[in-house]
J.: 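Please read through the structure below; I'll follow up with questions.
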Number of protein chains: 2
Amino acid sequence: MNRFASKISNDDLETRFKEYLYTHNGKFTSERMAILKLLYEDDEHLSVDDILDLARQKEIPVSRATVYRTLDLLVQSGLAKKHQFEGHETVFEAALKEGHHDHIVCVDCNKITEFFNDDLERIQNDILAKHGLVMVKHTHQLYGKCTVNNCPNRTS
Amino acid sequence: MNRFASKISNDDLETRFKEYLYTHNGKFTSERMAILKLLYEDDEHLSVDDILDLARQKEIPVSRATVYRTLDLLVQSGLAKKHQFEGHETVFEAALKEGHHDHIVCVDCNKITEFFNDDLERIQNDILAKHGLVMVKHTHQLYGKCTVNNCPNRTS
DNA sequence: TTGGCTGCAAATCCTTTGCAGCCGT
DNA sequence: ACGGCTGCAAAGGATTTGCAGCCAA
């Protein structure tokens, strides 16, 4: 069993998004699809401003309000994830690119690294179960400091 | 070895705070101490408005700006922790009351519960070490949904 | 005395919203 | 054609900041 979902094509994305929109009384527009694509074309965590910049670069006209509104939709539909790392602006990430992961934030260089650990996931579920709940989601960030002068996150 | 620190007295608090202020060119004022005390008198997670309300109730005059400025100081000094749970306003918590813990947020009733797990802590350190970092801090929240109609968090 | 505090109000930053016209269905 | 979108600009909410007077050290 591979925890990584297979890479998703633009067609798949579009199909999924249309499905969601159809079942939620929403309309499929060029602006919405453009934002979704930008998110999946990029491997980074994008802020609202990043998305606006990218759109401008590609000469895709879209307003800030629409970016906000669309990102909300994408998060609700499960196509995007929203992260608020301390000391960072709010960022969004493609949700279907690969399997679940959490984040390490280097407090020296601010770089964000991803990690995944089976045991961690299992324990979290156990803890919630003991409290009579089932996991909806979790947020888990490790803030670390370099042990050497040249921050490994900076060069890795 | 007990993971819970012993309860801290107001005198201890004051001493610690003064130490921090002294080494950071800060002044010990009645407003600052009042806010620190409010935080440690209360077992809840307090928002800025909560603190302002409590101060008003006790007829301790303090402005919103000072509350913000003081909370920053307290967080920097390690006397307070700041939490931003999704769907909640930003809240602050006394840091020296008991040992480290993380939080469960019930998405049904919004109640916040605390948890601690040794394995979880150990694994997190291991993960960071593998990346060449040492833990500065971490944020870890589990968002759960009730498995029964009457939310156990609501009544517990 | 001096530099750091405080309160106040204004300023900022991020995000949301009302509205008029546009467009997917 | 209808109802949901979009852009714009204004509104909102949370937090920060400039400033004049105050106060701890």
Side-chain angles (χ1 to χ4, degrees), chain A residues 14-15 17-38 45-53 55-56 58-77 79-92, chain B residues 14-15 17-39 45-56 58-77 79-92:
Chain A
E14 187 170 322
T15 304
F17 195 22
K18 280 180 171 167
E19 262 173 39
Y20 177 81
L21 291 170
Y22 182 72
T23 57
H24 289 75
N25 240 15
K27 285 178 180 170
F28 182 80
T29 67
S30 60
E31 289 88 349
R32 290 178 172 182
M33 188 62 203
I35 293 167
L36 178 55
K37 270 188 179 166
L38 284 176
H45 298 85
L46 299 180
S47 68
V48 169
D49 280 317
D50 291 337
I51 291 171
L52 283 169
D53 287 346
R56 217 168 288 131
K58 306 206 168 193
E59 305 187 36
I60 300 166
V62 64
S63 73
R64 180 174 292 272
T66 293
V67 171
Y68 275 106
R69 289 188 276 228
T70 300
L71 285 171
D72 276 352
L73 268 185
L74 294 179
V75 169
Q76 282 164 37
S77 71
L79 290 168
K81 284 186 184 162
K82 179 179 186 174
H83 300 294
Q84 302 187 248
F85 303 123
E86 289 178 47
H88 282 256
E89 36 184 353
T90 299
V91 291
F92 295 83
Chain B
E14 188 170 322
T15 303
F17 195 22
K18 279 180 172 166
E19 261 173 41
Y20 176 82
L21 290 170
Y22 182 71
T23 58
H24 288 76
N25 240 12
K27 286 178 178 166
F28 182 81
T29 67
S30 59
E31 290 87 348
R32 290 179 172 183
M33 189 60 204
I35 292 167
L36 177 55
K37 270 188 181 166
L38 283 177
L39 201 60
H45 299 85
L46 299 180
S47 68
V48 169
D49 280 318
D50 290 338
I51 292 172
L52 283 169
D53 287 345
L54 285 172
R56 216 166 290 131
K58 306 206 168 192
E59 304 187 36
I60 301 167
V62 64
S63 73
R64 180 173 292 272
T66 293
V67 171
Y68 276 105
R69 290 188 275 228
T70 300
L71 286 171
D72 276 351
L73 268 186
L74 295 179
V75 169
Q76 282 163 38
S77 71
L79 290 170
K81 285 186 183 162
K82 178 180 186 175
H83 301 294
Q84 302 187 249
F85 303 123
E86 290 179 45
H88 283 254
E89 37 184 353
T90 298
V91 290
F92 296 82

J.: Return the value, rounded to whole Å, for the distance between atom CZ of A:Phe92 and atom C1' of C:dT15.
T.: 10 Å
J.: Could you check which of C:dG24, D:dA25, C:dT17 has an atom nearest any side-chain atom of A:Lys27?
T.: C:dG24
J.: When the distance from CG of A:Leu71 to P of D:dC5 is rounded to whole Å, what number comes out?
T.: 15 Å
J.: Nearest whole angstrom, please: distance from the P of D:dA25 to the CE of B:Met33.
T.: 13 Å
J.: Rounding to an integer number of Å, can you tell me how far A:Lys18 NZ sits from C:dG24 P?
T.: 12 Å
J.: Answer yes or no: does a side-chain N or O of B:Thr66 lie under 4.0 Å from OP1 or OP2 of C:dG7?
T.: yes
J.: When the nearest nucleotide of DNA chain D is assigned to B:Gln84 and to A:Thr70 on a heavy-atom basis, which residue is associated with the more 5' position?
T.: A:Thr70
J.: Roughly how many Å is it from NE2 in B:His24 to C1' in C:dC5, rounded to a whole number?
T.: 17 Å
J.: CD1 of B:Ile60 versus P of C:dG7: gap in Å, rounded?
T.: 12 Å
J.: Separation of A:Glu31 atom CD from C:dC22 atom P, in whole Å?
T.: 14 Å
J.: Counting side-chain heavy atoms from C-beta on, which of D:dT15, D:dG3, D:dC5 comes nearest to B:Tyr68?
T.: D:dT15
J.: By nearest heavy atom, map A:Asp72 and B:Pro61 onto DNA chain C; which one lands nearer the 5' end?
T.: B:Pro61
J.: Of B:Lys82 and B:Tyr22, whose nearest nucleotide on DNA chain D comes first from the 5' end?
T.: B:Lys82
J.: With a 4.0 Å cut-off, would you call A:Asp72 and A:Lys82 a salt bridge?
T.: no
J.: Which nucleotide in the list C:dT17, C:dG4, D:dA25 gets nearest to the side chain of B:Asn25?
T.: C:dG4
J.: Nearest-Å distance, CG (A:Leu21) to C1' (C:dG24)?
T.: 11 Å
J.: Give a yes or no on whether the backbone of A:Lys27 and the side-chain of A:Arg32 come within a donor-acceptor separation of less than 3.5 Å.
T.: yes
J.: Is there a side-chain polar atom (N or O) of A:Thr29 under 4.0 Å from OP1 or OP2 of D:dT6?
T.: yes
J.: Give one of base, sugar-phosphate or nothing for A:Arg69, where a contact means two heavy atoms less than 4.0 Å apart.
T.: base
J.: Just call it for A:Glu89: base, sugar-phosphate, or nothing, with non-hydrogen atoms closer than 4.0 Å on any strand.
T.: nothing
J.: Measure from the side-chain N and O atoms of A:Thr23 to the backbone N and O of A:Glu19, and report whether any donor-acceptor pair falls under 3.5 Å.
T.: yes
J.: Looking at B:Ile35, B:Val48, B:Leu38, B:Leu74, which one forms a side-chain contact (heavy atoms from CB on, under 4.5 Å) with B:Phe92?
T.: B:Val48
J.: Does a nitrogen or oxygen in the side chain of A:Arg32 sit under 4.0 Å from OP1 or OP2 of D:dC5?
T.: yes
J.: Quick one: is A:Thr90 getting a side-chain N or O under 4.0 Å of the C:dC14 phosphate, OP1 or OP2?
T.: no
J.: Got a donor-acceptor contact below 3.5 angstrom from the A:Asp50 side chain to the A:Ser47 backbone?
T.: yes
J.: More than 12 heavy atoms of other residues, nucleotides or ligands under 6.0 Å from OH of A:Tyr22: is that the case?
T.: no
J.: Measuring from the side chain of A:Val48 (C-beta onward, heavy atoms only), which nucleotide among D:dT15, C:dC5, C:dT15 has the closest atom?
T.: C:dT15
